[in-house]
Amino acid sequence: MNRPLSCSARTRPCHRPPPTGPITVTDLHRHLRERLLAASVDLGLDATAAADLVRLDAPKNKDHGDIALGAFQLAKLAGKAPPAFAAELAAKITPDAVIESSAAAGPFVNFRFRRAALAREVLSAIQSDAAPYGKATPTGEVVCIDFSSPNIAKPFHIGHMRSTVIGNALCRIHRHQGATVHGINHLGDWGMPFAKMMTAYMHFGDEAKLHESPMRYMFELYKRYGKEAEANPGLDDEAAKRFKALESGVDNDERRMWQLLRDESLKAFQGPYTRLGVTFDHVTGESFFEDKMEAAMARVTAAGVLEESEGAEVVKLEDKGIKVPCLLRKSDGTTLYHTRDLAAVFYREQQYHPNRILYVVGAEQKLHFAQLKAVLEKMNEPIAAAVEHVPFGLVLSKTEDGKYEKFASRAGNAVFLDEILDESVAKVRQVIAEKNPDLDDKDQVAEQVGVSAIVFNDLKNSRIKDVKFDWDAMLAFEGETGPYVQYAVARLSSILRKVDAPVPATDQVDFALLADAERVLLQMMEFGNAVRRAAEQSEPSVVTSFAIALAGEIHSYLVDHYVVGAEPAVQQARLVLVDAARRLLTTALDLLGIPAPERM
RNA sequence: GCGCCCGUAGCUCAGUCGGAUAGAGCAUCGGAUUUCUAAUCCGGCGGUCGCAGGUUCGAUCCCUGCCGGGCGUGCCA
C-alpha cells in the first residue's frame, strides 16, 4: 500500500507587512475596524474586550452591503438589546473618505465603501503586486510537506494523483504566504510491497519488457504476484525473507534487484510529474532512512517507551487513547513503515527545523499518523506538535448502475493517469478545432488545458470528500471547471491585446468610473482571506472556489462593459480592472499549479 | 463489536467563528451574439439541510441518540 489515495491549523502569518506605501485593500477593513472600535469605546465598551468582538463578514445577501457586523456580542457586552446597540453603532460611523454609509438592519450593521475608494485600493494593490495579491515577505515559518509519496512498486494511476496535486498546491500556497517550504517526495521504495515486486520479478521477470514500459510491465507483475500468492502462500514468506536480506545491508542479489527496479520506477514516474508540472525539493524515499532507523530506535528506547510484545518491539498507546500499539520492529527483526516515518521526523527536524510537517496522505491512514504523533508525544518530543496529517478521500469509479465503488488495482480496473490526461487533451483538441481553429500552438494549449481540467477537478471539492471519477464530468469543460477559469484569462488577455495600449498606472485613473464593477472588486477583495484559509486548513479547494467565483464575476462583467470601444477615460479605468483580474486569476491558478495560457 | 469520516436541489458540490430570505455548477425549460473569444452570459424549474431530541435570543453548523454509506482496527503501506 502506498501513501496516496486522501487538517488542521496552527500558526499563520497574520496580516502582511505594515501599511507602508500605498494603502492596500486590507486597509479598507482595518480602517472600518478602527472606526468601529473607537465607536464602541465611545459607547462605553472596554477596548480590549470589544476588539475580539468586532468581526466583519461579507453578508450572504449582497443587497445588504459590502460588509456587515453582527452586533450580538457587542450588545451583550454593552448590556443592551442588539438592534438598539446596532442602531447606536451605525449612527456613530459617519461617512468618511472610504466609508460611504453605515446602516443598522435589526441586530446587524451594514456598511458600504465608496466605490472609487474600493476600486482604487483593490486595484492599486493588485497592480503593485502587494500582498496578499502578490507573494508575502518571508515570515520565517518553515513548512515541510510530505506529498505524492507513491509506492513505486505499483503503477501510477488515478489514485496517486490526489496527494500529488493537493501537496503541490499546498507548497505553492505556503510559499505565497511567505513560508519556507520543503516539498518532500517520501517514495515508497522499501518494505514489503517493494519486496513483493522484487520477488515477482525474480520469478517471472523479463528485463526487455521492463525497460520497454516499466510502469505497465510492473503493473502486470503486480497483478501476477497477487494471483500467484493466492495459490501459493509461500510467496509472501519468500518476499519477507528477501526484504530481510535487503535490509541486512549486504551487497547481494536483493540489493541489486532493488536498485534496478527503483531506477526504472523513478524514470517512469518522471512522466506524470512533468505533465502535472510537479517538482520536489527533496526526493527522500523510505530507503533513504535505511541507515537512520537504528538511531531513531535508540531514541525511542532511551525515552523508555519501547516494549517487547509477542516478539515484536512496540510502543503502547492506550494512555494516548489509541488501542492499537505502534509496531516499530517485527519479530523477524525487520523494520516497518512507522520506523521509517519516525526516522524521517527526526531527520526533518534536524535538517529543516519545521514549524509544521504536513503529511498529504489518504484518510485511510489516519490511524497511522495518529500513532506516529502519539509516539512522539509519549517520548516528550516537541516536534510532535508539528506533525499534521492532511487526509483526503478515495477516488471512486462509477459502476454501470450509476453507483460508485473503490478502484481495485488488483482487479485491474485501475486507470492510468496518462490515459486520463491523454483523453482529456484529445477532447480539448476537439473543442479547439470547433471554436478556435486558427489558434497557434494548438498542441501546447491542448496539453495545458486538458491536463489542467483534470487537476482542477481534483482540487475543486474539499479534499476529505471522495472523488467520484466520472468520465463525462471529467471531460466537460463548462461551468465550474479549469477551462472555465482559463477561458476567463484568455478573454482578458485578448482584450488587452486588442486595445494594444499600456495599462495605465493607478494614479492616472478615475476610479469613480468603475462603480459598476463592484461585484468584481468585492470578489477580488476575498483573495487574501481565501489563501490564508487554504494555508491554515490545508485546503486548496478554497482557492479553487475563489478562482471560479472571480472568473464568474468577470465573465458577467465583460458581457456589457466593453473596453475596446469605450470612452478614453472609461477605457483607461477598465484596462486597469481587466489587467488586475487577469493577474489575480493567473495567480490563483498558479497557486493550484495550473497554467493560464493567453489564448485558447 | 469498537474508532474515525461522510450524509445539503434529480446529479456533483459550496456554505468561513452559531446569525439576515440555505447558494453554485450539471441536467432540464426559455432567452441573449451589428462590437473585446458563446469553453460565455441572463432567466425559469428544483430544498423535510438523513431522522429524533437537546443547548441557544437564534442551529445546515455545537451536544446526545438513531438510520444510511465509507474507511480503519498488531507484525502491509
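Every chain is numbered from 1, with letters handed out A, B, ... down the list of sequences.
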Given [options], identify the nucleotide with an atom nearest to the side chain of [X].
{"X": "A/V563", "options": "B/rC5, B/rC36, B/rU73", "value": "B/rC36"}
{"X": "A/K465", "options": "B/rA39, B/rG7, B/rC75", "value": "B/rG7"}
{"X": "A/H64", "options": "B/rA20, B/rC36, B/rC2", "value": "B/rA20"}
{"X": "A/E364", "options": "B/rC57, B/rC2, B/rG72", "value": "B/rG72"}
{"X": "A/P193", "options": "B/rA20, B/rC6, B/rC76", "value": "B/rC76"}
{"X": "A/E480", "options": "B/rG25, B/rG15, B/rG74", "value": "B/rG25"}
{"X": "A/K366", "options": "B/rC4, B/rC75, B/rA20", "value": "B/rC4"}
{"X": "A/K60", "options": "B/rU60, B/rC17, B/rA14", "value": "B/rU60"}
{"X": "A/L367", "options": "B/rG7, B/rC4, B/rU73", "value": "B/rU73"}
{"X": "A/N461", "options": "B/rA14, B/rC5, B/rA39", "value": "B/rA14"}

NA contact type, [X], heavy-atom cut-off 4.0 Å: base, sugar-phosphate, or nothing?
{"X": "A/A473", "answer": "nothing"}
{"X": "A/A58", "answer": "nothing"}
{"X": "A/G191", "answer": "sugar-phosphate"}
{"X": "A/L336", "answer": "sugar-phosphate"}
{"X": "A/I432", "answer": "base"}
{"X": "A/I548", "answer": "nothing"}
{"X": "A/E310", "answer": "base"}
{"X": "A/D560", "answer": "nothing"}
{"X": "A/R340", "answer": "sugar-phosphate"}
{"X": "A/H561", "answer": "base"}

Whole-Å distance separating the [atom1] atom of [X] from the [atom2] atom of [N]:
{"X": "A/L317", "N": "B/rU73", "atom1": "CG", "atom2": "C1'", "value": "14 Å"}
{"X": "A/N61", "N": "B/rA24", "atom1": "CG", "atom2": "P", "value": "11 Å"}
{"X": "A/F369", "N": "B/rG72", "atom1": "CZ", "atom2": "C1'", "value": "14 Å"}
{"X": "A/F546", "N": "B/rA14", "atom1": "CZ", "atom2": "P", "value": "18 Å"}
{"X": "A/K468", "N": "B/rC26", "atom1": "NZ", "atom2": "C1'", "value": "14 Å"}
{"X": "A/K323", "N": "B/rG3", "atom1": "NZ", "atom2": "C1'", "value": "7 Å"}
{"X": "A/Q365", "N": "B/rG72", "atom1": "CD", "atom2": "P", "value": "10 Å"}
{"X": "A/Q73", "N": "B/rG19", "atom1": "CD", "atom2": "C1'", "value": "10 Å"}

Is there a side-chain contact between A/S309 and the phosphate of B/rG74, meaning an N or O under 4.0 Å from OP1 or OP2? no

OP1 or OP2 of B/rC36 sitting under 4.0 Å from any side-chain N/O of A/R599? no

If you compare all heavy atoms of [X] against all heavy atoms of [Y], which two are closest, and at what distance to 0.1 Å?
{"X": "A/R162", "Y": "A/G393", "answer": "NH1-O, 3.2 Å"}
{"X": "A/L261", "Y": "A/M198", "answer": "CD1-CA, 3.8 Å"}
{"X": "A/V489", "Y": "A/P597", "answer": "CG1-O, 4.2 Å"}

Find out whether the Lys NZ or Arg CZ of A/K223 is both under 6.0 angstrom from the six-membered ring centre of A/F219 and within 45° of the ring's axis. yes

Does A/E434 CD have over 12 foreign heavy atoms under 6.0 Å away? yes

Using the ring of each side chain (for Trp, its six-membered ring), is A/F72 parallel, tilted or perpendicular to A/F108, with breaks at 30° and 60°? perpendicular

Report the relative orientation of the aromatic rings in A/Y484 and A/H555; use parallel for angles under 30°, tilted for 30 to 60°, perpendicular for over 60°. tilted

Rounded [atom1] spacing from [N] to [M] in Å:
{"N": "B/rU64", "M": "B/rG10", "atom1": "C1'", "result": "33 Å"}
{"N": "B/rG72", "M": "B/rC63", "atom1": "P", "result": "25 Å"}
{"N": "B/rG19", "M": "B/rC75", "atom1": "P", "result": "45 Å"}
{"N": "B/rG25", "M": "B/rU40", "atom1": "P", "result": "11 Å"}
{"N": "B/rU60", "M": "B/rG47", "atom1": "C1'", "result": "12 Å"}
{"N": "B/rA59", "M": "B/rG50", "atom1": "C1'", "result": "16 Å"}
{"N": "B/rU73", "M": "B/rC17", "atom1": "C1'", "result": "35 Å"}
{"N": "B/rC67", "M": "B/rA52", "atom1": "P", "result": "15 Å"}

Test log, rule ring pair (Phe, Tyr, Trp, His ring centres under 6.0 Å), inputs A/F289 and A/H186: CA-CA 10 Å; A/F289 298 98; A/H186 189 79; 5.7 Å; yes

Hey, which sits more toward the 5' end of RNA chain B by its nearest nucleotide, A/E313 or A/V428? A/V428

Taking syn as any angle within 90 degrees of 0 and anti as the rest, which one fits B/rC26? anti

Any ion pair linking [Y] and [X] (charged N to carboxylate O, less than 4.0 Å)?
{"X": "A/R463", "Y": "A/D458", "value": "no"}
{"X": "A/K427", "Y": "A/E423", "value": "no"}
{"X": "A/D441", "Y": "A/R599", "value": "no"}
{"X": "A/D516", "Y": "A/R574", "value": "yes"}

Can you tell me if A/F108 is stacked onto the base of B/rA20, using a 5.5 Å centroid cut-off and an angle below 30°? yes

Planes under 30° and centres closer than 5.5 Å, is that true for A/Y337 with the base of B/rC76? no

Examine distances only and state if a side-chain atom of A/S148 and a backbone atom of A/N185 form a donor-acceptor pair shorter than 3.5 Å. no

Identify the stems formed by RNA chain B, where each pair is Watson-Crick or G-U wobble with both distances under 3.5 angstrom and a stem is at least 3 consecutive pairs. B:1-7 with B:67-73, B:10-13 with B:23-26, B:28-32 with B:40-44, B:50-54 with B:62-66

Atom pairs, protein N/O to nucleotides 40-43 of chain B N/O, distance under 3.5 Å:
unit_1 : atom_1 : unit_2 : atom_2 : d
B/rU40 : OP1    : A/G479 : N      : 3.2
B/rU40 : O2'    : A/R491 : NH1    : 3.0
B/rC41 : OP1    : A/Y484 : OH     : 2.5
B/rC41 : O3'    : A/S556 : OG     : 3.1
B/rC42 : OP1    : A/S556 : OG     : 3.0

Can you see whether A/S538 engages A/E388 through a side-chain donor-acceptor pair at a distance of less than 3.5 angstrom? no

Is there, by distance only and without an angle test, a donor paired with an acceptor across the side chain of A/N110 and the base of B/rA20 below 3.5 Å? yes

